[in-house]
Amino acid sequence: MKNSRLWEQAGIETLKFDYEQMMSSSRENPVWVHFGAGNIFRGFIAVLQQNLLNAGKAAAGIVAVETYDYEIIDKIYTPYDNLSLLAIMNTDGSLEKKIVGSISESLVGDPARQNDWQRLQTIFASPSLQMASFTITEKGYNLKNLAGDYLADVQEDMDQGPRQPKSVMAKIASFAYTRFKNGELPIAFVSMDNCSHNGDKLYSAVAAIAAAWVQKGLVEEAFAAYINNPAKVSFPWSMIDKITPRPAESVKNALQASGFDSTEIVRTSKNTFIAPFINAEKPQYLVIEDHFPNGRMPLEEAGVIFTDRQTVDRVEKMKVCTCLNPLHTSLAVFGCLLGYTLIADEMKDQELKKLVEKVGEEGMPVVVNPQILNPAAFIREVIDVRFPNPYIPDTPQRIATDTSQKVGIRFGETLKAYAERPDLDAKSLTYIPLVIAGWCRYLLGLDDKGREMNLSADPLLSTLQASVADIKLGDTGTVKDRLRAILANTDLFGLDLYRVGLGEKIEGYFREMIAGPGAVRTTLQKYL
């Protein structure tokens with residue numbers, strides 16, 4: 001690492017700060033803990049702090065914590081001393097390469113890993129800690145199953161208290177309790193996940209667990225008051241945007257050709273694809289509500305936009321509900337059905353490119369311009385630059401993961417806005433309902449040629465597939481009212497799609513798509 005000339009000869013940017021001093025400062029006075037040690041963290045968030053370290057505007061790094069897939073720590077962090085290599089994939093095929101060395105330590109967030117758990121308790125007892133941030137995906141904040149009952153681990157955690165938590169939200173509540181017991185120390189819990197009002201989701205989960213512990217006499221009543229005191233504990237909203245797909249073989253080969261050999265791509269038992277390197281696109285956005293009770297690092301100097309909650313809400317809705325995420329899900333669903341394995345290739349498909357343009361157009365009437373970013377410019381960058389980048393190895397199969405957890409945000413919010421506005425009519429929509437019908441068609445597990453296809457992981461997959469199990473490709477009479485369990489489910493979409501006049505329309509599109517092999521393509525051509 002200290003031989004900077006060697007790295008420069010390979011075209012790799014090295015660290016511009018004292019690494020040993022950063023490690024020492026981080027251990028003595030930790031300021032930032034991040035939960036969720038995957039690619040978006042290493043390829044974006046960790047680099048923000050590194051920029052401050054390089055500029056001499058920060059002394060400490062980030063403590064990375066994994067609460068779900070422990071192999072990430074054991075196979076990617078620990079063997080490489082928490083170092084990574086970031087490869088930015090430009091549209092001309094060139095790579096911008098830099099070492100990411102701002103992660104001071106990596107820990108498994110599990111009481112069964114006693115040393116790691118004790119270290120986390122020490123960190124959360126430290127007055128210097130300013131922020132705990134999160135990229136744990138939308139499902140990480142869920143306490144209940146589809147039936148509305150608490151998940152088994154969550155219920156057990158609520159009954160047992162903060163000492164040996166199993167669920168991730170109970171673990172966070174436990175760390176908050178440690179902070180409470182050490183003098184009600186202030187902290188910001190900052191969700192950076194791609195979901196609407198992410199800070200509220202995090203708050204609601206932690207507050208519910210704290211309230212259960214108080215009710216059962218497992219902790220002091222004052223703990224709930226601490227969690228609910230924004231002067232002590234905040235849950236800022238945020239919007240994050242950067243595509244950091246699975247590590248690509250093409251990038252691995254390019255790095256090896258430059259002399260960098262730490263390129264083994266790992267697939268964990270929990271189906272995480274990760275490597276000592278991260279490949280990512282160049283565009284990136286992070287907007288955060290500026291509410292930090294214990295102060296914060298000057299991340300605005302690394303490109304983060306700090307603003308008020310209303311502006312974050314507008315930016316997040318612009319991106320998650322209209323300008324990017326709905327387009328991604330549209331490509332994911334139809335890409336899988338039509339046999340695509342690369343998002344960039346889908347953008348060469350006349351119908352699919354037009355589809356995402358039309359989905360974006362349908363969302364535009366309910367977008368409130370956040371002023372700090374322009375919606376029209378943002379969506380054009382997505383459609384014209386970001387999605388078509390042939391060097392971003394992003395797949396529709398990856399984007400299709402956990403779709404049931406996403407449709408309420410990516411489509412439901414727009415549908416609710418249409419239903420609430422007197423000047424708009426949800427029944428006039430064509431392309432968003434077409435995508436929802438496509439998702440129902442996807443759940444049959446058959447591609448457009450009628451061949452079996454693997455479906456991406458989804459916590460509700462078995463339940464959803466049970467709803468469509470008796471529907472037969474080529475026999476529209478088997479549809480009957482079987483989609484109602486999906487389309488009327490307010491937990492999925494945030495509203496009953498029949499009540500806004502779209503249920504029957506989606507059923508109609510679906511019937512067209514199951515008419516036989518090739519019917520998905522024919523349906524797209526008909527409406528596009």
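All residue numbers in this chain count up from 1 along the given sequence.
- You'll find the side chain of V100 stays beyond 4.5 Å of the side chain of L83, heavy atoms only.
- Put simply, the side chain of T78 never gets that close to the backbone of D74: no donor and acceptor are under 3.5 Å apart.
- A 4.5 Å side-chain heavy-atom check between I243 and P245 finds at least one atom pair inside the cut-off.
- Counted by atom type alone, T272 and D69 present one or more donor-acceptor pairs between their side chains at under 3.5 Å.
- N325 contributes no side-chain N or O that, together with a main-chain N or O of C321, makes up a donor-acceptor pair within less than 3.5 Å.
- Taking the six-membered ring for Trp and thresholds of 30 and 60 degrees, W117 and F175 have ring planes inclined between 30 and 60 degrees apart.
- Salt bridge E264/K75: absent, no basic N to carboxylate O contact under 4.0 Å.
- Here the side chain of N389 pairs a donor or acceptor atom with the backbone of M89 at under 3.5 angstrom.
- Side-chain contact, N198 with Y141: no donor N or O sits under 3.5 Å from an acceptor N or O.
- Residue pairs meeting the side-chain hydrogen bond (donor to acceptor under 3.5 Å, both in side chains) criterion with at least one partner in residues 50-60, sequence neighbours excluded, are K57-E301.
- Between F223 and W213, the angle of the ring planes stays under 30°, which puts this pair in the parallel group of the 30/60° scheme.
- The two residues T403 and W439 have their closest heavy-atom pair at CG2-NE1, 3.5 Å.
- Electrostatic pairing of K317 and D313 counts as a salt bridge here, judged by a charged N lying under 4.0 Å from a carboxylate O.
- Y77 contributes atom OH, which lies 11.0 Å from atom CG of L107 (distance to the nearest 0.5 angstrom).
- With a 6.0 Å cutoff to the six-membered ring centre and a 45° limit on the axis angle, K144 counts as a cation-pi contact of Y150.
- Put simply, OG1 on T244 and CD on Q284 are 10.5 Å apart, with the number rounded to the nearest 0.5 Å.
- Under a 3.5 Å cut-off, the side chain of D157 and the backbone N or O of S167 do form a donor-acceptor pair.
- Judged as a salt bridge (Lys or Arg N to Asp or Glu O under 4.0 Å), the pairs with a partner in residues 228-247 (not counting sequence neighbours) are, in order, D241-R386.
- Judged by distance alone, the side chain of R179 and the main-chain N or O of S126 form a donor-acceptor pair under 3.5 Å.
- Taking every heavy atom of both residues into account, L327 and F387 meet most closely at CB-CE1, 3.7 Å.
- In this structure, the side chain of E66 engages the main chain of A37 through a donor-acceptor pair within 3.5 Å.
- With no hydrogens or angles considered, a side-chain donor-acceptor pair links S269 and E71 at under 3.5 Å.
- Without hydrogens or angle criteria, T401 side chain to R398 main chain gives a donor-acceptor distance under 3.5 Å.
- Side-chain N or O atoms of K270 include one that pairs as donor or acceptor with a backbone N or O of Y68 at under 3.5 Å.
- Of the possible donor and acceptor atoms, one in the side chain of K171 sits under 3.5 Å from a partner among the backbone N and O of G109.
- Rounding to the nearest 0.5 Å places CG of D491 at 9.0 Å from CG of L460.
- When side chains are defined from C-beta on, L299 counts as touching L52, because their heavy atoms get closer than 4.5 Å.
- Between F235 and F189, the angle of the ring planes stays under 30°, which puts this pair in the parallel group of the 30/60° scheme.
- Salt bridge absent: R410 and E413 never bring a charged side-chain N and a carboxylate O closer than 4.0 Å.
- Going from atom CG of D458 over to atom CG of L443 covers 8.0 Å, rounded to the nearest 0.5 Å.
- Closest non-hydrogen pair, S330 versus V359, comes out as OG-CG2, 3.9 Å.
- At least one side-chain heavy atom of W237 sits less than 4.5 Å from a side-chain heavy atom of H197.
- Counting only heavy atoms from C-beta outward, the side chains of R314 and N369 never approach each other to under 4.5 Å.
- No hydrogens or angles considered: nothing links the side chains of S24 and E20 as a donor-acceptor pair under 3.5 Å.
- No hydrogens or angles considered: nothing links the side chains of S102 and Q49 as a donor-acceptor pair under 3.5 Å.
- Rounding to the nearest 0.5 Å gives a distance of 10.5 Å between CD of Q160 and CD of Q155.
- Once rounded to the nearest 0.5 Å, the distance linking CG of N194 with CD1 of I409 reads 10.5 Å.
- When the shell of 6.0 Å around CG of N271 is examined, it contains more than 12 heavy atoms from other residues, nucleotides or ligands.
- Scanning all heavy atoms of the two residues, the minimum distance from P293 to P230 falls at CG-O, 3.7 Å.
- Side-chain contact check for I62 versus V33: every heavy-atom pair is 4.5 Å or farther apart.
- Taking a cutoff of 4.0 Å between a charged side-chain nitrogen and a carboxylate oxygen, E220 and K181 qualify as a salt bridge.
- In terms of heavy atoms, A280 sits closest to L86 at CB-CD1, 4.2 Å.
- Under a cut-off of 6.0 angstrom, the local environment of NZ in K416 is crowded, with over 12 non-hydrogen atoms contributed by other residues, nucleotides or ligands.
- Of all non-hydrogen atoms in V190 and F292, the two that sit nearest each other are CG2-CE2, 3.9 Å.
- Here the side chains of S84 and I99 are not in contact, with every heavy-atom distance at 4.5 Å or above.
- Side chains of L129 and V31 form no contact here, defined as non-hydrogen atoms less than 4.5 Å apart.
- Judged by a 6.0 Å distance limit and a 45° cone about the ring axis, K252 is not positioned over the six-membered ring of F277.
- Between the side chain of S234 and the backbone N or O of P236 there is no donor-acceptor pair closer than 3.5 Å.
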